[in-house]
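Working notes, structure below.
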Amino acid sequence: MSAAPPLGVSGRSAPPPVTDPSASGWRLAALLRAPHRLAFFLATVMLLVASGWWIAVLAQRVGWTEPWPWAVSPTLAHGSIMVYGFMPLFFAGFLFTAGPKWLAVPGPEARELLAPLLAYTFAWPVFLVGACVSVGWASAGLWLAALALAALTARFWRLILASAVPDRVHATAIGVALALGVLALAAEAGALLAGDDARARVLLLSGLWACVVPVFVVVAHRMLPFFTSAVLPFIEVWRPFWVLWLMLAAAGLELMSVWLDALGPAWPLLLGVRAVLELVLGAVLIGLAVVWGLAQSLRHRLLAMLHLGFLWLGLAFALAGLTRGLGLWLDDVVLPLGALHALTMGCLGSLVVAMVTRVSSGHSGRPLAADGWVWGLFWLLQVAVLIRLVAALPRLGGVWLLAAAALWGLVMLLWGQRHLRWYGQARADGRPG
């Protein structure tokens with residue numbers, strides 16, 4: 001006699017697993033099945049909007065399109081939307097998926113996060129339009145984003161405070177970083193409204209080093225050794241807390257330097273000390289990438305993407321120290337914004353692609369693996385980073401900047417369109433969520 005079919009909650013036969021999610025079609029309501037679906041969907045949309053907007057700005061700069069009116073510096077607008085426009089949305093998707101597991105507390109439903117996530121997303125088109133027509137509108141967009149981010153941060157703190165697990169270090173560090181991000185974003189909105197672009201830029205960089213980078217390094221410290229050990233059992237999970245404090249101190253060094261630079265030209269001795277510290281930190285972080293299994297990870301594409309993204313953090317610090325030292329020696333600026341883009345495009349961009357691919361694959365019932373399509377796009381992203389670094393050389397820029405932005409945008413479009421489809425479909429394994 002054949003076995004009876006499994007029973008569902010209602011007592012009826014459970015439906016068979018979905019083997020072809022596309023057969024059930026794409027539904028907007030599916031975005032509310034899990035926090036990561038909604039947050040990652042909105043984050044990917046904003047990533048594509050931000051990338052397309054910047055490509056258009058650079059095309060205008062090289063004379064390919066008619067000039068635009070500007071109420072806000074386009075460089076400041078570019079930095080703001082690239083630092084804040086989509087990263088906190090990706091954070092929300094990850095933190096409200098992994099955070100409840102870290103803290104052993106029930107997580108929120110996607111519907112509970114709908115209002116702040118939509119408000120945060122809506123704020124950035126308001127900001128971009130305002131950047132062209134009105135400082136007031138641009139500032140209002142930043143204020144709305146700050147309020148929405150504050151609501152998401154408060155919701156994450158509720159998870160932390162409700163938890164009884166002994167180890168809440170990573171979650172608490174992220175909660176503090178998010179709170180600092182809210183303050184920096186709100187302060188930038190105030191500086192922008194006051195017409196103080198220089199102070200707005202300082203506050204923007206403060207948000208990068210006090211919020212965005214710390215969230216990435218905390219997640220890397222918690223998850224990268226764990227992911228590596230899960231795939232490569234012969235590598236022990238090694239993540240002492242002094243490593244976390246070191247990475248946060250490195251971000252703190254850059255945060256302090258941003259404010260010191262704002263006070264006026266620094267003494268050459270101070271710049272030399274900073275260059276040496278950045279070189280040392282770069283070497284230590286590259287060594288940490290090796291200790292965490294960089295070489296061994298190369299046999300597993302998705303794991304390699306995570307490790308190579310983290311490697312860029314050490315390379316960015318080393319490049320910052322090297323260019324600062326050369327600048328002192330040559331009494332000139334060397335590779336302006338090169339180290340910054342090694343960090344943002346190389347490290348943060350690569351880690352977003354790797355981490356979001358992993359979460360999206362696992363939570364859509366698909367294998368935790370990077371197929372040839374994702375692997376190829378990841379390497380195209382590395383080419384885009386290298387082009388951007390070349391564009392920082394003297395007498396270059398212009399078309400080189402546009403080429404780097406266009407390749408970045410193409411990679412994100414091809415990578416993101418697959419996930420945008422997944423978020424609105426049923427899981428491939430037929431499970432809920």
Side-chain angles (χ1 to χ4, degrees), residues 21 34 36-37 39-41 43-44 47 86-87 90-91 93-95 97-99 101-102 170 215-239 285-286 288-315 345-385 408 410-423 425 427-429 431 433:
H36 82 278
R37 286 179 178 258
F40 282 3
F41 177 85
T44 305
L47 170 57
F86 50 86
M87 287 297 188
F90 281 125
F91 292 167
F94 178 82
L95 294 175
T97 299
K101 297 177 182 177
W102 295 357
H170 295 91
V215 171
F216 271 96
V217 299
V218 170
V219 171
H221 181 266
R222 171 110 188 184
M223 304 306 296
L224 193 54
F226 172 76
F227 289 158
T228 304
S229 181
V231 176
L232 305 170
F234 56 87
I235 294 183
E236 183 182 357
V237 176
W238 184 79
R239 54 182 184 203
L285 290 169
I286 292 170
L288 179 60
V290 173
V291 170
W292 273 351
L294 172 64
Q296 297 89 332
S297 74
L298 298 178
R299 291 174 291 177
H300 303 270
R301 292 174 175 177
L302 186 55
L303 187 61
M305 288 162 58
L306 290 164
H307 280 270
L308 291 169
F310 182 77
L311 176 64
W312 271 112
L313 180 63
L315 294 175
M345 289 180 69
C347 175
L348 308 187
S350 296
L351 286 176
V352 161
V353 169
M355 188 66 75
V356 173
T357 296
R358 192 185 195 283
V359 174
S360 299
S361 297
H363 286 269
S364 66
R366 291 173 170 85
L368 288 175
D371 59 13
W373 176 256
V374 174
W375 187 238
L377 290 176
F378 179 81
W379 284 106
L380 279 179
L381 173 59
Q382 310 311 302
V383 174
V385 179
W408 162 279
L410 178 63
V411 168
M412 295 306 168
L413 176 63
L414 296 177
W415 170 77
Q417 57 83 26
R418 171 189 280 187
H419 294 156
L420 291 176
R421 187 176 70 251
W422 287 359
Y423 301 142
Q425 293 177 342
R427 284 179 58 115
D429 56 8
R431 295 172 57 190

So how far is it from [X] [atom1] to [Y] [atom2], rounded to the nearest 0.5 Å?
X    : Y    : atom1 : atom2 : result
H419 : R37  : NE2   : CZ    : 12.5 Å
T357 : L351 : OG1   : CG    : 11.5 Å
L377 : L410 : CG    : CG    : 8.0 Å
L306 : L294 : CG    : CG    : 11.5 Å
L381 : M412 : CG    : CE    : 5.0 Å
F216 : F91  : CZ    : CZ    : 4.5 Å

S297 versus W292, side-chain donor and acceptor atoms under 3.5 Å: no
Pair T228-H307, side-chain donor/acceptor within less than 3.5 Å: yes
Does the side chain of [Y] come within less than 4.5 Å of [X]'s, by heavy atoms?
X    : Y    : answer
F94  : T97  : no
L232 : L303 : yes
W238 : L288 : yes

Sidechain-backbone polar pair: Q425 side chain, W422 backbone, donor-acceptor under 3.5 Å: no
Full working for side-chain contact (heavy atoms from CB on, under 4.5 Å) between H300 and F227: CA-CA 11 Å; H300 303 270; F227 289 158; over 6 Å; no
Of all the heavy-atom pairs spanning [X] and [Y], show the shortest one and how long it is.
X    : Y    : answer
G309 : S350 : CA-CB, 3.6 Å
S361 : P367 : CB-O, 3.5 Å
P225 : H221 : CD-O, 3.5 Å
L368 : R358 : CD2-O, 3.4 Å
H363 : R427 : O-NH1, 3.2 Å
W375 : A304 : CH2-CB, 4.0 Å

Test side-chain contact (heavy atoms from CB on, under 4.5 Å) applied to R418 and V374, step by step: CA-CA 10 Å; R418 171 189 280 187; V374 174; 3.5 Å; yes
SB check R366 D371 (cutoff 4.0 Å): no
Step-by-step side-chain contact (heavy atoms from CB on, under 4.5 Å) determination, V215 to M87: CA-CA 10 Å; V215 171; M87 287 297 188; over 6 Å; no
Parallel, tilted or perpendicular: rings of F90 and W415 (30°, 60°): tilted
side-chain contact (heavy atoms from CB on, under 4.5 Å) evaluation trace for R301 with F378: CA-CA 10 Å; R301 292 174 175 177; F378 179 81; over 6 Å; no
